[in-house]
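We count ligands from 1, going down the list as the structure has it; atoms in each ligand are counted the same way. Values below: all heavy atoms of this structure, side chains included; hydrogens, waters and symmetry mates excluded.
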Amino acid sequence: MTLPIIDTNYFTAFLVDLLNIPSPTGFAEPAIAFVEKELSKYKQLQLSRTRKGALVAKWDPSTRSGRKSDLPPVALTAHVDTLGAVVKEIKPNGRLKLSRIGGIQWNTVETEGVWVFASNGEKIRGSVLVDTASGHVYGAAGSETPRNDAHMEVRLDARTTSEKETRELGINIGDCVAFDPRVEVTNGFIRSRFLDDKACVANLVAAIKSMADSGQGPVRSVYFLISNYEEVGHGAAAGIPSDVAELVTVDMAVVGDGQESDEFHATLCIKDSGGPYHEGLNKKMRALAEQHNIPYKTDVYPFYGSDGEAFWRAGGDVALSLIGPGIDASHNYERAHMDGLNATTNWVMAYLLD
Ligand SMILES: [Zn+2]
């Protein structure tokens, strides 16, 4: 069996659009709604939402073929939520202190543009600065200031020099703050914040499109769970039906010193901070990659937990694997390459069609 062709232009356009939708954990609804709208084009899929707001797309092949597969259903999951922040305090000078979502490192967003989503519906532009930002005021001391919650602030692009004026802009404590993704596509590379895990959402959507366009479909029922609380650890803890036998988590692979993964391959993660994945399903994923000449690596991730493990911890009884494209500088200014991204889409299709 040869795999359907991937529409890479579609993949890239969809991914760029998704990257440009701000969706920090807790504020991911616009991204979920965007994926929902895209998947609603496929009449093969039944769409639903969990109470937590995640999107579930079920592809039941028996509704078309009339034949019921006796194989139990399987599931794949990827997450649209990202790192971000909320307004923690409004300072006497009108600037904002933030509380981070998902543990973004301050040094990775210093000078980054942000949108503050005020609870009255207004969007206010700003940027992240250390509170000793001016080189002509603080000199070398500015570089010695610790980059932490106490010293990092948002300077709003609005006329405010007091807490009162900032509150008059409509800003309240708890309002969402989203960091600019800075998406660029060059030479087969995609550079952006939050490729983790929007790249893999695009892998799932592109796989669905390729299978649907070629008139093919999964050999058994499959649930696609697009989760919305992964970055805080409990995304896929709910939303996978109990009759699902296997869960393939599709999330970024770790690239850096000492890692086997790179941007030109997909990776099967054998073990991460949550321990080893399921040996039997891992064997099956490796065999599929070999059979379809999918460029892949195996790896161990040092500071990493996945949505599949969230489901395991919540009591989910499934065989579990984790695959995904290599992402350089993860949770920082991330980068992926089409080779690793296509390898992941192909792996998803091989899993579903074989
Ligand atoms: Zn992720």
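Ring-centre distance between Phe194 and Tyr333: not below the 6.0 Å cut-off. Residues His265 and Tyr296 keep their aromatic ring centres 6.0 Å or farther apart.
Surrounding NZ of Lys52 are more than 12 heavy atoms belonging to other residues, nucleotides or ligands, all under 6.0 Å away.
Taking the ring centre of Tyr10 as origin, the terminal cationic atom of Lys209 falls inside the region bounded by 6.0 Å and 45° from the ring axis.
For residue Asp251, an N/O/S atom approaches the Zn ion (ligand 1) to within less than 2.8 Å. Here His79 reaches the Zn ion (ligand 1): one of its N/O/S atoms is less than 2.8 Å from the metal.
The nearest N/O/S atom of Asp196 to the Zn ion (ligand 1) is OD1.
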